[in-house]
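Take a look at the structure below.
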Amino acid sequence: MCGELRASDAGSKVVLMGWVNRRRDLGNLIFLDLRDRSGVTQVVITADAGAEVHDRATAVRSEFVVAVLGHVKLRDANTVNKNIPTGEIEVIADELRVLNDCKPLPFSPSDAVLANEEVRLKYRYIDLRRPELHRNIELRHQVAIAIRDHLNAQGFYEIETPFMTRSTPEGARDYLVPSRVHAGKFYALPQSPQLFKQILMISGFDKYFQIVRCFRDEDLRADRQPEFTQIDLEISFARPEIVFHTVEGFLKAAFATIGVDLATPFPQTSYDQAIRLYGIDKPDLRLPAMTHVREAFAAENLETLHVDSELPVVAIVIPKVGELSRKERDEIKAMFGDRKDAKVFEDLKRLEKSFPEAVAKIRELAKPNPEDLVVIVAGAKRTEPASAVKSGQQAYGVYSAAGQLRLALGQRYAERHGAYKHGNFRLLWVTDFPMFEWDETEQRWNAAHHPFTSPHEQDMDKLESDPGGVRALAYDVVLNGTELGSGSIRIHRQDIQSKIFKAMGMSPEEQQARFGFFLEALQYGTPPHGGIALGLDRIVMILAGAESLREVIPFPKTAKAIDLMVDAPTPVSERQLKELGIAVVGKKDL
RNA sequence: GGGGUCGUAGUUCAGUUGGUUAGAACGCUGCCCUGUCACGGCAGAGGCCGCGGGUUCGAGUCCCGUCGACCCCGCCA
């Protein structure tokens, strides 16, 4: 193939087929860079090839598909191209056939500057010819194969589950599929195969996995597409450690495809700890944790600074930032924004003038190097005394504000601290998530992970008295501040499952209507089980060093969930609608 | 739903304080060229300045609306 010929092939006769990446026409001498998925080789057409071949080579343009019959020749020393793997050789053409021509392109795969994404997505087949995208798609293949092989070797079965299934209104919005046979009824595309894999455990397939498409009708982000691929797995008689070990195993295999030897096991931290040290439930370990420094201040210091003595005071350290200008310090204040609940002290030196002992103590606690940026975030003085619950929320507010600032500063000074350079992979397990979170709009408790997650044994008695204090046997695996996957030990007892539904405000009748089949299944000998699902797209994105999922998904959708190439979604004919018993009302009428 | 960035030739971009005929590079067409590798040289074609409205003697430029791409918040059990 085009990318495979080397000096050792000199003298051999070859047939190359591929796309014309570039043509350099010097009159009687023409060079073609011939490209296929393996790479590029320079083809030389000299006068020796004859007038007919020369004429065809003259007519050839970018992205023509051609076949070349020729022989491999070592290049003269002064014409070797060290920039490409095949640069030591070239193919002297004896014969050239145009297999297909190519209209002038909207953009060329060999362009150095990319066309805008709208054009690239419309002509995705051209964009995909770029070596970068080829590499990403190949990497995706390699990663999937590595994970399959690993899980297969561990005794997992890959088992398919239905795409046309039942709508569950919890969680993300469903994509619906109308039923023709049952007019007015709908299937839903799975947000995940959650219940099916749990049923498979009940059926005795004690190690299941699937690399499977999932669908969620929510707004998109750079790292969120409406259809995405999960590495989904479930294990009977599982403890979290078994799931962790399995995931660590296949991620190690996945990272090995880019030559990275991942250290296992990954560190673990509880949700509470993550919030306290990073202000977020998906900590980016590439930057130092925050340090608690409230003790550094005397009570009257806090009073003077209008800082609440009950709320956290944390120091953010960003390494190697160096001296900041007045303008840059103002920028930090702007990043932090105007908040009622928390305040920022971005100038440690100024703080030091008024509170030398406190700042000395902060330095002792946070241990910054001289070049490091240190920023303090504290809770703003509250006007009214708060309840314990409220206090907890306010503390969370301070941590969260600090965590966001930490990430913003990390971004802003990425070049200086260098911790974001590609190849720095920091994985982490976050455990003991809260079971429920309070839904302000619905005024009820919602499952933080999903309602099939088992609560901690010790927290069972709080289910009714203190839902907010119940910890779940749920865990996330986090890479560089991105949630790669999320899982839990599941409920395997019908009575507990029912209790959880009840805690979420579901009446027995509702439970029956929505999850009756599952509550029944749980009663027929359900083994304890647990599992996890990881986003394959995100893993590949990070391994590839890509900024967006679109770089690792062959046919992605835009931020408005449109496929620009095939132009989907589209209206459908009256006849199709009628057959399905569906009438479309305009969005304005809703 | 909210906030931000962007939209000018096929592509990437420039376009001054609102002022004559909207420029460049790459690509395209034609010609020249035997050692190029982002080949080079000469000539040429190519524009609803996203779309609609407004202000103005005059709008690519100012204002309002709208559409689209991207990023973020909300949302994502």
Side-chain angles (χ1 to χ4, degrees), chain A residues 21-34 40-49 54 58-59 61-63 73 75-84 86-87 90 92 102-123 126-127 168-174 191-192 194-195 214-226 228 337 404 407-408 411 433 435-437 439-442 444-453 472 474 483 486 488 500-501 504 506 514-515 533 535 547-548 550 556-560 562 564:
Chain A
N21 202 49
R22 243 171 236 285
R23 186 184 63 121
R24 289 177 295 282
D25 187 345
L26 279 65
N28 276 325
L29 180 67
I30 298 171
F31 297 97
L32 299 180
D33 290 341
L34 202 60
V40 173
T41 291
Q42 172 163 282
V43 173
V44 188
I45 293 106
T46 65
D48 299 342
H54 185 269
T58 304
R61 292 292 177 275
S62 282
E63 300 304 304
K73 178 182 154 274
R75 294 199 196 184
D76 296 339
N78 58 329
T79 62
V80 165
N81 184 347
K82 293 189 203 84
N83 301 321
I84 55 172
T86 59
E90 58 196 0
I92 310 298
C102 176
K103 294 207 309 181
L105 296 145
F107 63 96
S108 163
S110 63
D111 280 348
V113 274
L114 292 182
N116 78 49
E117 195 138 17
E118 210 170 337
V119 183
R120 287 171 50 204
L121 287 172
K122 178 166 180 197
Y123 300 97
I126 298 171
D127 199 31
T168 51
E170 286 78 24
R173 271 182 288 267
D174 287 321
Q191 297 173 24
S192 85
Q194 185 60 36
L195 287 177
C214 299
F215 307 86
R216 293 180 190 172
D217 185 5
E218 296 294 346
D219 289 340
L220 288 79
R221 288 284 187 285
D223 63 354
R224 262 163 41 192
Q225 283 270 317
F228 59 99
Q404 281 169 37
L407 292 179
Q411 262 320 318
F433 277 79
M435 184 77 193
F436 301 103
E437 50 197 29
D439 186 330
E440 237 0 280
T441 46
E442 302 272 328
R444 64 179 174 85
W445 291 100
N446 249 335
H449 179 54
H450 58 55
F452 315 107
T453 299
E483 180 200 315
S486 194
S488 63
I500 299 293
F501 285 147
M504 293 168 56
M506 230 187 277
R514 286 194 202 169
F515 298 109
E547 294 288 313
S548 156
R550 293 184 301 279
K557 293 182 175 54
T558 68
K560 288 237 166 79
I562 287 174
L564 287 175

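Just so we're on the same page: letters track the sequence lines, and every chain starts at 1. Bear in mind that the values here come from a model prediction, so they are computed numbers and not experimental data.
In summary, Arg224(A) and Asp219(A) do not engage in a salt bridge, as defined by a charged side-chain N under 4.0 Å from a carboxylate O. Taking a cutoff of 4.0 Å between a charged side-chain nitrogen and a carboxylate oxygen, Asp33(A) and Arg22(A) do not qualify as a salt bridge.
Between the P atoms of A14(B) and G50(B), the separation comes to 13 Å (whole Å). Between C42(B) and G4(B), the distance separating the two C1' atoms is 47 Å to the nearest Å. Nucleotides G27(B) and A69(B) place their C1' atoms 23 Å apart, quoted to the nearest Å. When the P atom is used for both G18(B) and C63(B), the distance is 10 Å, rounded to whole Å. Annotation: G41(B) and G54(B) have their P atoms spaced 48 Å apart (nearest Å). A43(B) and C33(B) have their C1' atoms separated by 15 Å, with the value rounded to a whole Å. Spacing between G30(B) and C70(B) at atom C1', rounded to whole Å, works out to 40 Å. Nucleotides G46(B) and U61(B) place their P atoms 24 Å apart, quoted to the nearest Å.
Remark: A9(B) base-pairs with no nucleotide; criterion is Watson-Crick or G-U wobble with both hydrogen-bond distances under 3.5 Å. Using the Watson-Crick or G-U wobble rule with both distances under 3.5 Å, A43(B) pairs with U29(B).
With hydrogens and angles ignored, a donor-acceptor pair under 3.5 angstrom links the side chain of Arg75(A) to the base of C37(B). With hydrogens and angles ignored, a donor-acceptor pair closer than 3.5 Å exists between the side chain of Arg224(A) and the base of C75(B).
Atom CG in Asp25(A) sits about 10 Å away from atom P in C33(B), given to the nearest Å. One atom, CD1 of Ile30(A), and another, C1' of G35(B), lie 13 Å apart when rounded to the nearest Å. Glu117(A) has its CD atom 6 Å from the P atom of C70(B), to the nearest Å.
Remark on RNA chain B: of its neighbouring residues Phe31(A) and Asn116(A), the 5'-side contact belongs to Asn116(A), judged by nearest-heavy-atom nucleotide.
Among the heavy atoms of the strands lying under 4.0 Å from Pro106(A) are primed sugar atoms or P, OP1, OP2 only; no base atom is included. Among the protein residues, Ala112(A) comes within range of no part of the nucleic acid, since none of its heavy atoms lies under 4.0 Å from any strand.
The main-chain N or O of Leu220(A) is never found under 3.5 Å from a side-chain atom of Gln225(A) such that the two would form a donor-acceptor pair.
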Open item on the list: Evaluate Arg550(A) against Glu117(A) for side-chain contact (heavy atoms from CB on, under 4.5 Å), listing each step before the verdict.
Closed with: CA-CA 10 Å; Arg550(A) 293 184 301 279; Glu117(A) 195 138 17; 2.6 Å; yes

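For the pair His54(A) and Ile30(A), the minimum side-chain heavy-atom distance is below 4.5 Å.
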